[in-house]
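Each remark here refers to the structure printed beneath this line.
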Amino acid sequence: MWTRRTEQVPVTTCWRADEIVVTQGAARIDHLRAGDIERVTLIHAGAGESPGEVRAALFELTERAVWLGATSGITGSVLFERQAYWSHRDCIYWVREGSVAWPSAVGATRWPFGRAAVAQHQTLSRADAALLFDRAAVTGPHTWDQRKQYRIERRRPFPGFMSHHGRAVDARPTAAV
């Protein structure tokens, strides 16, 4: 006999004044003061070249860390729409989903079929947050626009060379003589 699975009320995020407000239904469950955010690490699938590839974001604050899943709207309303703010802060880092050490702290496993139960909001200690990326190749800090520019540069037929007034020039830095 099949049992009915109860659905949780989704977690959502939005900006209000100078903080990120996290709600579940009508209840406010957390808030992150923008000035207290020291680092944001985006966990992405694939190359992480679009907001759709972001699976979660880990916000490291002064005293704690907060894990927010992508379905909370964190990539759109909080990160992507506020690019100028995050560009000024220079605190966005990136890590590939497959290299994250999925501990029981976030209710996940290393195997994709076990990740369905990952919490959309979780408060972690700074030590637990550090363990997530212990052996991961974290890149950054760089913004969406910087990643987009890097992607364009990577896909050029002759990397390192840029067209300047119709002729190719070497764009690699050279030492002054």
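When a residue number appears, it is its place in the shown sequence, counting from 1.
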>> Please report the interatomic distance CZ(R147) to CG(L42), rounded to the nearest 0.5 Å.
In response: 8.5 Å
> Between Q120 and T71, do the side chains contain an N or O donor and an N or O acceptor separated by less than 3.5 Å?
Replying inline: yes
>> Is there a side-chain contact between W67 and L132 in this structure, where contact means two heavy atoms from C-beta onward sitting under 4.5 Å apart?
In response: yes
> Considering all heavy atoms of both residues, which atom of G35 and which atom of Y85 are nearest to each other, and what is their separation?
Replying inline: N-OH, 4.4 Å
>> Applying side-chain contact (heavy atoms from CB on, under 4.5 Å), can you list everything that pairs with A130, at least two apart in sequence or on another chain?
In response: none
> What residues form a side-chain contact (heavy atoms from CB on, under 4.5 Å) with R135, not counting sequence neighbours?
Replying inline: none
>> Just to verify, what does R155 make a salt bridge (Lys or Arg N to Asp or Glu O under 4.0 Å) with, not counting sequence neighbours?
In response: E49
> What pairs with W94 under side chain to side chain donor-acceptor pair (under 3.5 Å), at least two apart in sequence or on another chain?
Replying inline: H142
>> If the test is side-chain contact (heavy atoms from CB on, under 4.5 Å), which one of V78, I20, V21 qualifies with L32?
In response: I20
>> Applying ring pair (Phe, Tyr, Trp, His ring centres under 6.0 Å) as the test, list every pair that has at least one member in residues 31-66; sequence neighbours left out.
In response: none
>> So that I can tick it off, tell me whether R64 and D128 are bridged by a salt bridge, with the cut-off set at under 4.0 angstrom between side-chain N and carboxylate O.
In response: no
> Has the side chain of E97 got a donor or acceptor atom that lies under 3.5 Å from a matching backbone atom of I43?
Replying inline: no
> Listed by chain and number, what are the side chain to side chain donor-acceptor pair (under 3.5 Å) partners of Q149, not counting sequence neighbours?
Replying inline: E153
> Between CZ of R39 and CG of L61, what distance do you get to the nearest 0.5 Å?
Replying inline: 13.0 Å
>> Can you list everything that forms a side-chain contact (heavy atoms from CB on, under 4.5 Å) with D145? Sequence neighbours excluded, please.
In response: Q83, T143, K148
> Sequence neighbours excluded, which residues qualify as side chain to side chain donor-acceptor pair (under 3.5 Å) partners of D134?
Replying inline: none
> Any donor-acceptor pair under 3.5 Å linking the side chain of T13 with the backbone of S72?
Replying inline: yes
>> Quick check for you: to the nearest 0.5 Å, what is the distance between L58 atom CG and L124 atom CG?
In response: 6.5 Å
> Can you name the closest pair of heavy atoms from A65 and S125 and give their distance?
Replying inline: CB-O, 4.3 Å
>> The criterion is salt bridge (Lys or Arg N to Asp or Glu O under 4.0 Å); which residues satisfy it with R126, sequence neighbours excluded?
In response: E38, E60
>> For V95 versus A136, what's the shortest heavy-atom pair and its separation?
In response: CG2-CB, 3.5 Å
>> For T12, give me all partners under side-chain contact (heavy atoms from CB on, under 4.5 Å), at least two apart in sequence or on another chain.
In response: T23
>> For the CD1 atom of I92 and the CD atom of Q146, what is their distance to the nearest 0.5 Å?
In response: 10.5 Å
>> Once ring pair (Phe, Tyr, Trp, His ring centres under 6.0 Å) is applied, do any residues pair with Y93, and if so which ones, sequence neighbours excluded?
In response: none
> What pairs with E19 under side chain to side chain donor-acceptor pair (under 3.5 Å), at least two apart in sequence or on another chain?
Replying inline: R28
